[in-house]
Amino acid sequence: MHEFARPLSRDELPASTADLARFLIGKLVLRALPDGFAVARIVETEAYLADDAACHAFRGPTPRNRTMFGPPGHAYVYRAYGVCWMLNVTNAAIGIGEAVLIRAAEPVTGLDAMMRHRGEVPTRDLLRGPGRLASALAIDRSHDGADLCARGPLWLGSDGAAGGDIGMSTRIGITRDAHLPLRFYLKGSRFVSGPAALNGQGRARRNARSAPVALDGHVAGEDRAHDRKADREDPLDR
DNA sequence: TTCACGATGGTCT
DNA sequence: GACCATCGTGAAC
């Protein structure tokens with residue numbers, strides 16, 4: 001179980017926040033809940049940079065975003081649209097506000113606990129979307145500032161699993177600096193959020209700005225076939 | 001099955 | 001008022 005995952009060390013986090021977003025694909029979010037341990041494998045992230053108008057820290061520190069200006073490897077949790085909590089991983093040096101938004105993950109263990117928080121939804125939808133992810137893992141403002149590089153209520157880990165093919169695209173749901181390719185996702189995963197056209201699975205779009213950016217030479221059909229195989233496997237089966 | 005639409009309502013500008 | 005989202009609904013593919 002989770003004892004096979006080791007916490008990520010702060011030293012191994014890439015200094016570049018865009019690199020951190022890519023680095024976190026395939027890593028684990030581990031959450032100690034009163035009703036059990038929940039583990040999820042990250043399949044989608046977005047980077048938010050200090051000179052990026054979509055970043056909360058762009059206009060300087062506020063009571064809400066101050067943890068972004070703290071040390072790397074900590075949780076920045078905020079409420080979006082007044083209804084959903086968002087889990088971010090802080091990065092960059094103290095005084096510089098950058099972070100990676102965890103957008104989606106694949107359930108690994110603790111599906112019962114997640115469903116108790118999310119209600120009866122398909123397994124695919126448990127953690128597909130940043131608000132859903134926080135809801136399923138019972139993450140809220142109380143986790144703002146938590147150290148994610150040490151075992152605790154909420155931390156990041158690695159089980160050494162080989163990462164898959166990672167795609168890159170524009171970010172979702174923003175208007176400012178929306179053209180920057182700072183979104184990363186596990187290609188072929190059904191647990192990734194967002195429209196198919198952004199995930200390398202949809203029909204090609206005329207608008208090049210919304211087209212996914214391939215980082216490797218793999219064939220899309222190969223990825224889909226691989227995913228169907230993975231789908232048949234019980235996420236709880238170890 | 002996927003997407004567009006409208007309503008929702010904390011926090012910051 | 002704008003905003004890093006979600007849900008239910010309904011229509012298109």
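All values below come from the heavy atoms of this structure, side chains included, with hydrogens, waters and symmetry mates left out. Below, read A as the first sequence line, B as the second, and so on, with proteins coming before strands; counting in each chain starts at 1.
Asp125(A) places its CG atom 14 Å from the C1' atom of dC3(B), with the value rounded to the nearest Å. Rounded to whole Å, the distance from CD on Glu44(A) to P on dA5(C) is 10 Å. Atom CE of Met68(A) is separated from atom P of dC12(B) by 13 Å (rounded to the nearest Å). Rounded to a whole Å, the CZ atom of Arg79(A) is 9 Å from the C1' atom of dG9(B). Whole-Å rounding puts the Asp177(A) CG to dC4(C) C1' distance at 13 Å. At whole-Å resolution of the value, CG in Asn88(A) and C1' in dA5(C) are 13 Å apart. When the C1' atom of dT13(B) is taken as reference, atom CZ of Arg59(A) falls 7 Å away, rounded to whole Å. Following rounding to the nearest Å, Arg132(A) (CZ) and dT6(C) (P) show an atom-to-atom distance of 6 Å.
In terms of phosphate contacts, Thr175(A) brings a side-chain nitrogen or oxygen within less than 4.0 Å of OP1 or OP2 of dC3(C). Remark: Arg176(A) is not in phosphate contact with dA2(C), judged by side-chain N or O atoms under 4.0 Å from OP1 or OP2. A sub-4.0 Å separation between OP1 or OP2 of dT1(B) and a side-chain N or O of Arg190(A) is absent.
Listed nucleotides: dT6(C), dC4(C), dC3(B). Nearest to the side chain of Cys84(A): dT6(C). Side-chain proximity of Pro130(A) to dC4(C), dT6(C), dC3(B): nearest is dT6(C). Among the nucleotides dC12(B), dC3(C), dT6(C), the one closest to any side-chain atom of Tyr81(A) is dC3(C). If you check dC3(C), dA5(C), dC7(C) against the side chain of Arg118(A), the one that comes closest is dC7(C).
Tracing side-chain contacts under 4.5 Å through hydrophobic residues (I, L, V, M, F, W, Y), one never reaches Phe69(A) starting from Val100(A); they form parts of separate clusters.
When all heavy atoms of Leu127(A) and Pro107(A) are compared, the pair lying nearest together is CD1-N, 3.6 Å.
Remark: Arg171(A) qualifies as a cation-pi partner of Tyr48(A) under the 6.0 Å distance and 45° angle criteria applied to the six-membered ring.
Within 4.0 Å of Arg124(A), counting heavy atoms only, lie sugar-phosphate atoms of the nucleic acid but no base atom. Note on Arg171(A): nothing from the nucleic acid sits closer than 4.0 angstrom, heavy atoms only.
Both Gly173(A) and Val121(A) lie close to DNA chain C; mapped to their nearest nucleotides by heavy-atom distance, the more 5′-ward contact belongs to Gly173(A).
Under the Watson-Crick and G-U wobble criteria, each requiring two contacts below 3.5 Å, nucleotide dC4(C) is left unpaired. Under the Watson-Crick and G-U wobble criteria, each requiring two contacts below 3.5 Å, nucleotide dG9(B) is left unpaired.
For the atom pair CZ (Arg103(A)) and CG (Leu133(A)), the distance works out to 10.5 Å, reported to the nearest 0.5 Å.
Residues Leu28(A) and Ser158(A) are not in side-chain contact: their nearest non-hydrogen atoms beyond the backbone lie 4.5 Å or more apart.
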